[in-house]
Amino acid sequence: KTDEEPVYAVIFKDWDGTLISTNIYHWGDEVTAPTDPTRPADNTFTYVFIGWDKTVVNCAGDEIYTAVYTPVYIDYTVEFKDWDNTVLSTCTYHYGDVVVAPINPTRPADNTYTYVFTGWDKAVVNCAGNVTYTATYTSNYIDYTVMFKNWDGTVISSEKYHYGDQVTVPTNPTKAADKTYTYA
C-alpha cells in the first residue's frame, strides 16, 4: 500500500487549443489560473479575454479550462475626397463590408478648363482597412472664339484661343471715304 495521495493535472488552454499551462494538484488544493491570455486581432475583430469556459475551483480531479474571448468589431474608416481634398463622405465599415461610393462629384469649370469626373484614384473594393479614395477628373480646354468685326458687322477675323493665349490682331481695316467724311 502506498501513502502517496493521487495527483491531478489541471490544464489551461487558449481558444485555439494551444497549451497555456499544466500544473499538478492534490485533491482540494486551490487551483491558480495563469495570467490572463491575449488573443491577437484579425482583420475583423479584436478580442477581449472574459474568463475561462467554467469557474476555476479547488482541485476535484483532472480538469481542462479553455480561455473565452469576446470579439469586438474593428471599425474602419472609408473616406471619399474631391480633387481639392474636400471630404465628400466618411463612413465606418467592418472588414469585408461592401463599400458604397457617394454620388459622382462635379468640379466647376475655371477659365481654362471644364472637368469631367473619371472615377476614383483606385478601385473601390470591399472594406479591407482604413482607406481614402480621391476623385479624378479629365480636363478639357475651353475654346474661346475671338472675333474682330468691321463697322458694318462683317467679320474681319475669327480665331479660337485658350485662356491666356496671345490674341493676334488683324491688319487694321479701312473704310472708303464718302462725300462727307474720311475714315481712320
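Everything numeric in this text was worked out from a predicted model, so none of it was measured.
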Side chain to side chain contact (heavy atoms under 4.5 Å, CB included) assessment of Ile142 paired with Thr114: CA-CA 7 Å; Ile142 298 172; Thr114 59; 3.8 Å; yes

Honestly curious: do [X] and [Y] fall in one hydrophobic cluster under the side-chain, below-4.5 Å linking rule?
X	Y	value
Ile20	Val56	yes
Trp83	Val131	yes
Val98	Val125	no
Val100	Val78	yes
Ile64	Leu19	yes

What residues, two or more places apart in sequence or in another chain, satisfy salt bridge (charged side-chain N to carboxylate O under 4.0 Å, His left out) together with Glu63?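 By the salt bridge (charged side-chain N to carboxylate O under 4.0 Å, His left out) rule, Glu63 matches Lys54.
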
Is it true that Asp110 and Tyr115 share a donor-acceptor pair across their side chains at a distance under 3.5 Å?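 Looking only at side-chain atoms, Asp110 and Tyr115 do form a donor-acceptor pair, the distance falling under 3.5 Å.
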
Say you draw a straight line from [atom1] of [X] to [atom2] of [Y]; how long is it, rounded to the nearest 0.5 Å?
X	Y	atom1	atom2	value
Tyr73	Thr44	OH	OG1	7.0 Å
Asn85	Glu79	CG	CD	9.0 Å
Thr112	Tyr144	OG1	OH	7.0 Å
Thr168	Phe148	OG1	CZ	8.5 Å
Lys81	Thr132	NZ	OG1	5.5 Å
Lys175	Asp152	NZ	CG	8.0 Å

Would you say [X] and [Y] make side-chain contact, with heavy atoms under 4.5 Å?
X	Y	answer
Thr38	Phe49	no
Tyr133	Asp121	yes
His94	Asp75	yes
Cys127	Tyr95	no

So which heavy atom on [X] is nearest to which on [Y], and how close?
X	Y	answer
Gly129	Tyr76	CA-CD2, 3.3 Å
Ala135	Phe117	CB-CE1, 3.7 Å
Asn140	Val116	ND2-CG2, 3.7 Å
Asp14	Thr66	O-CG2, 3.7 Å
Lys13	Trp52	O-CZ3, 3.7 Å
Phe45	Pro71	CD2-CB, 3.5 Å

Test your reading of the model: is there a side-chain donor-acceptor pair from [X] to the backbone of [Y], 3.5 Å cut-off?
X	Y	value
Thr118	Thr136	yes
Asp62	Tyr8	no
Asp82	Asp84	no

With a 6.0 Å cut-off (strictly less than), is the heavy-atom count around OH of Tyr181, excluding the residue itself, greater than 12?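 Check fails, neighbour count at 12 or below.
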
Do other residues, nucleotides or ligands put more than 12 heavy atoms under 6.0 Å from Ile103 CD1?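 Open.
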
Quick one, Tyr93 with Asn126, criterion side-chain hydrogen bond (donor to acceptor under 3.5 Å, both in side chains). Give me CA distance, side-chain angles, the key distance, then yes/no. CA-CA 9 Å; Tyr93 289 93; Asn126 290 353; over 6 Å; no

Which side-chain N or O atoms in residues 23-31 pair as donor and acceptor under 3.5 Å with protein atoms at least two apart or in another chain?
{"from": "Tyr25", "atom 1": "OH", "to": "Thr32", "atom 2": "N", "distance (Å)": "3.1"}
{"from": "Asp29", "atom 1": "OD2", "to": "His26", "atom 2": "N", "distance (Å)": "2.8"}

State which residue, out of Tyr69, Phe12, Trp15, fulfils the side-chain contact (heavy atoms from CB on, under 4.5 Å) condition with Pro37.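 Testing Pro37 for a side-chain contact (heavy atoms from CB on, under 4.5 Å) against Tyr69, Phe12, Trp15 leaves exactly one candidate, Tyr69.
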
